[in-house]
A.B. asks: 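Okay, handing you the structure first.
Throughout, a chain's letter reflects where its sequence line sits, starting with A, and its residues are numbered from 1. Only a predicted model underlies this, so the values are computations on that prediction, with no experimental measurement involved. The figures here come from the full heavy-atom set of this structure, side chains too, leaving out hydrogens, waters and symmetry mates.
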Protein chains: 2
Amino acid sequence: MNQAVKRVVIIGGGFAGLNAAKALGNKHGVQVTLLDSRNHHLFQPLLYQVALAGLNPGDIAAPIRSILAPFQNITVLLAEATGFDLAGKRVLVKELDPVPFDYLIVASGSNHVYFGHEEWEQSAPGLKSIEQAREIRRRTLLAYEQAEMTEDPVERQRLLTFVIVGGGPTGVELAGAIAEMSRFTLAKDFRRIDPRQSRVVLIEGGPRLLPAFSHDLSANATNQLEKLGVRVQTECVVTGLDRHGVVACGERIPAGTVIWAAGVKASPLGALLGVPLDRQGRVLIEEDLSVEGHDYLFVLGDLAHFTGRDGNPLPGLAPVALQQGKKAARNILRDLAGQPRKPYRYIDKGMLATIGKNKAVGQFRSIHFTGFIAWLAWLFVHIYYLTGFANRLQVVFHWGWSYMTFKRGARLILGQDWRMFLLRGGEKREEAPK
Amino acid sequence: MNQAVKRVVIIGGGFAGLNAAKALGNKHGVQVTLLDSRNHHLFQPLLYQVALAGLNPGDIAAPIRSILAPFQNITVLLAEATGFDLAGKRVLVKELDPVPFDYLIVASGSNHVYFGHEEWEQSAPGLKSIEQAREIRRRTLLAYEQAEMTEDPVERQRLLTFVIVGGGPTGVELAGAIAEMSRFTLAKDFRRIDPRQSRVVLIEGGPRLLPAFSHDLSANATNQLEKLGVRVQTECVVTGLDRHGVVACGERIPAGTVIWAAGVKASPLGALLGVPLDRQGRVLIEEDLSVEGHDYLFVLGDLAHFTGRDGNPLPGLAPVALQQGKKAARNILRDLAGQPRKPYRYIDKGMLATIGKNKAVGQFRSIHFTGFIAWLAWLFVHIYYLTGFANRLQVVFHWGWSYMTFKRGARLILGQDWRMFLLRGGEKREEAPK
């Protein structure tokens with residue numbers, strides 16, 4: 001009987017990998033090993049809330065190991081896949097023996113891309129991990145602290161300028177949250193500066209914000225942001241970026257904090273598979289989510305290029321990854337049961353982007369909604385999908401509290417190198433202002 | 001009128017400094033500046049809960065700036081005091097102009113001391129800051145992950161051995177929490193190892209645990225810990241310590257994680273005042289909490305040596321610091337009102353140390369209590385004193401949840417250098433086992 005047990009190896013504990021594992025959990029005939037180089041699953045849609053001090057890391061992340069603990073046929077390894085031996089049906093793993101498989105699911109996601117200016121990352125972190133969220137939190141809060149201490153009005157204005165590059169949902173959420181934090185949360189905490197005078201600039205290279213949404217919702221989002229005091233600049237390309245600010249559409253914008261939300265590239269593991277990729281490095285997959293000519297190999301989520309009904313690849317959204325994870329698992333189970341595989345069809349759950357309290361836009365098929373209704377829908381959907389019952393209640397609590405008081409509960413500046421950072425802030429004052 | 005306003009500078013936003021500031025808040029005739037090199041006040045008695053994944057950092061820390069925001073006469077500066085010019089009545093501050101004062105309150109606390117082996121800190125972090133708590137969390141959780149991956153039974157046992165040096169309240173709390181986490185929280189999360197087989201060793205140099213408590217409570221605490229499987233070693237001195245384990249009372253104990261809770265020394269700012277110190281570097285203070293010959297200078301909390309009614313210096317406890325902060329502030333206000341200062345008298349609030357769920361010891365004057373009652377008292381007192389209403393409710397929620405489920409909500413391995421750490425774990429496997 002043991003011979004019949006199929007070994008399924010899953011790489012990545014994001015929405016796709018985790019849901020594939022759950023769908024295979026406690027099923028007869030499969031033994032699952034999930035590899036991730038991080039110990040936790042992250043609810044990425046709420047990561048900007050950790051960056052802007054609304055939530056604690058523990059509210060939106062949970063150990064993969066404990067999520068999958070109820071499934072006796074699943075082993076979780078905190079380990080990094082480094083390559084593949086597809087002919088030998090083995091995954092190469094850093095510092096460990098290769099892991100053999102009968103089925104392989106690769107769902108290692110995507111990273112930020114700086115369009116050939118990787119040196120910009122130092123000055124403008126992206127928002128993919130909790131560490132990055134914490135770095136953004138540290139930079140944002142320290143900017144106010146440094147502004148409170150400086151005597152130079154030009155430097156003070158620079159420190160109180162926040163630039164977000166990229167007008168997708170993450171960029172819009174960050175811009176709205178910083179503007180709201182400045183106008184409400186921090187307004188009374190300082191003596192020498194008025195946080196309400198901070199400037200938030202949102203830069204988008206394309207003609208409008210939220211390009212995946214309809215035109216009217218893009219315009220509405222721009223309008224809601226502008227009401228919060230955000231300066232929205234579209235058709236504006238960043239050509240220079242350092243720790244004193246950005247150069248965008250020919251103008252130099254001195255800024256204390258720059259955040260990158262402009263683009264993603266597929267995880268480098270995709271290229272190591274040696275199978276066809278699209279121009280963004282995503283693996284081309286078939287209707288059943290496997291790779292052509294490799295029916296044991298599934299690639300899912302942000303790493304996959306699945307052509308939707310409109311001929312375009314499906315977007316890198318959590319619902320896509322989640323649905324694909326379940327479907328891939330079910331197709332493996334159908335194989336074992338001797339049934340034919342079923343094709344994956346994207347079930348459109350709509351899209352939501354939040355801007356601030358009572359401010360959001362949403363689109364579900366032909367229905368468009370804005371303001372309070374969209375915000376309520378956003379709240380409901382995100383709480384519903386949060387992993388783990390405790391987290392859900394906690395986030396409800398945090399949000400209820402913040403809603404009533406405009407306080408943010410996790411406003412801590414942490415990190416062992418924060419002193420260095422403060423020092424650099426000091427250096428800046430001497431080198432830069434002009 | 002402005003001439004009559006006295007400038008009070010407070011160094012340190014711990015229990016003493018923060019409570020001094022609050023007591024001076026919105027009072028006529030004083031202008032307060034509080035300096036701290038961290039942006040947050042930390043509820044240190046619960047820091048071990050952050051280290052052992054029970055609470056999020058945001059639950060036990062709050063920005064000093066927002067705690068003091070209601071007081072218009074208080075300015076908070078995120079800045080580091082580097083020295084004093086007492087003759088010129090100025091505090092020297094890193095990278096900023098000196099800050100002049102009429103009254104100075106120094107309450108910069110204490111740090112860990114490694115008794116001349118400062119190189120041990122790398123292998124055995126202490127528990128004073130959130131960063132350290134996070135480092136302990138990372139090491140503890142990674143030890144289980146590495147144990148799950150290793151094939152070598154000797155190395156596995158080493159990784160599952162946790163040594164805590166120091167049998168005061170922090171050491172007892174850490175030992176109890178790790179034992180509980182192994183036996184309950186993690187028990188079902190792993191496939192290859194059984195976390196219940198982990199060893200927790202608590203090492204104390206003196207003849208008994210919790211030396212500040214009565215003998216019967218020390219014995220009771222030892223008993224409660226042993227029931228959780230903790231090995232308690234008293235009259236045992238650590239003579240060697242590196243990243244493979246410790247040498248204590250002549251025996252080598254291979255261990256994956258060592259935590260230091262063995263001793264504290266006063267903040268180095270005390271010595272920079274140029275006034276008399278005791279052997280531990282604490283500043284000797286008078287009955288009114290000021291320094292002899294410097295009636296404008298108050299030193300409080302862990303940095304102060306105040307002789308109690310029994311002839312011994314008061315212990316470094318939160319209630320002492322809190323009471324002293326209030327009293328010093330009131331004595332300054334009495335000065336301004338032309339009234340004589342009042343002496344400080346320590347109001348004994350009793351002592352509590354928790355060991356685990358339903359397990360604690362407590363002592364209030366002649367009343368001793370143990371087990372569930374002590375634990376309830378501990379819970380009540382700590383929730384009551386937590387700064388900020390939101391935090392309090394959140395912690396109640398976390399604890400209620402953990403109590404019912406034995407789950408720990410914040411079990412994340414974070415930190416930018418965690419990969420390095422994993423790598424070092426790998427190296428260890430090759431160099432060490434013997």
A.B. asks: With side chains defined as the heavy atoms from C-beta onward, is the minimum distance between A:Asp189 and B:Val76 less than 4.5 Å?
C.D. replies: no
A.B. asks: With a sphere of 6.0 Å drawn around NZ of B:Lys128, does it hold more than 12 non-hydrogen atoms of other residues, nucleotides or ligands?
C.D. replies: yes
A.B. asks: Can you say whether A:Phe71 sits under 4.5 Å from chain B via the side chain, the backbone, both, or neither, judging by heavy atoms?
C.D. replies: backbone
A.B. asks: For residues A:Leu96 and B:Met149, report the shortest heavy-atom separation together with the two atoms involved.
C.D. replies: CD1-SD, 3.4 Å
A.B. asks: Quick one: which of B:Glu148, B:Arg191, B:Arg192 has the most heavy-atom pairs under 4.5 Å with chain A, could you say?
C.D. replies: B:Arg191
A.B. asks: Roughly how far, to the nearest 0.5 Å, is NE2 of A:His40 from CG of B:Leu141?
C.D. replies: 11.5 Å
A.B. asks: Just to verify, what does B:Arg7 make a salt bridge (charged side-chain N to carboxylate O under 4.0 Å, His left out) with, not counting sequence neighbours?
C.D. replies: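 Listed in chain order: B:Asp102.
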A.B. asks: If every non-hydrogen atom of B:Asn39 is compared with every non-hydrogen atom of A:Glu145, which pair is closest and at what distance?
C.D. replies: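 Shortest heavy-atom separation between B:Asn39 and A:Glu145 comes out as CB-OE2, 4.5 Å.
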A.B. asks: Please round to the nearest 0.5 Å and tell me the distance separating atom CD of A:Gln72 and atom NZ of B:Lys188.
C.D. replies: 9.0 Å
A.B. asks: Check salt bridge (charged side-chain N to carboxylate O under 4.0 Å, His left out) between A:Arg183 and all other residues, then give those that pass, not counting sequence neighbours.
C.D. replies: none
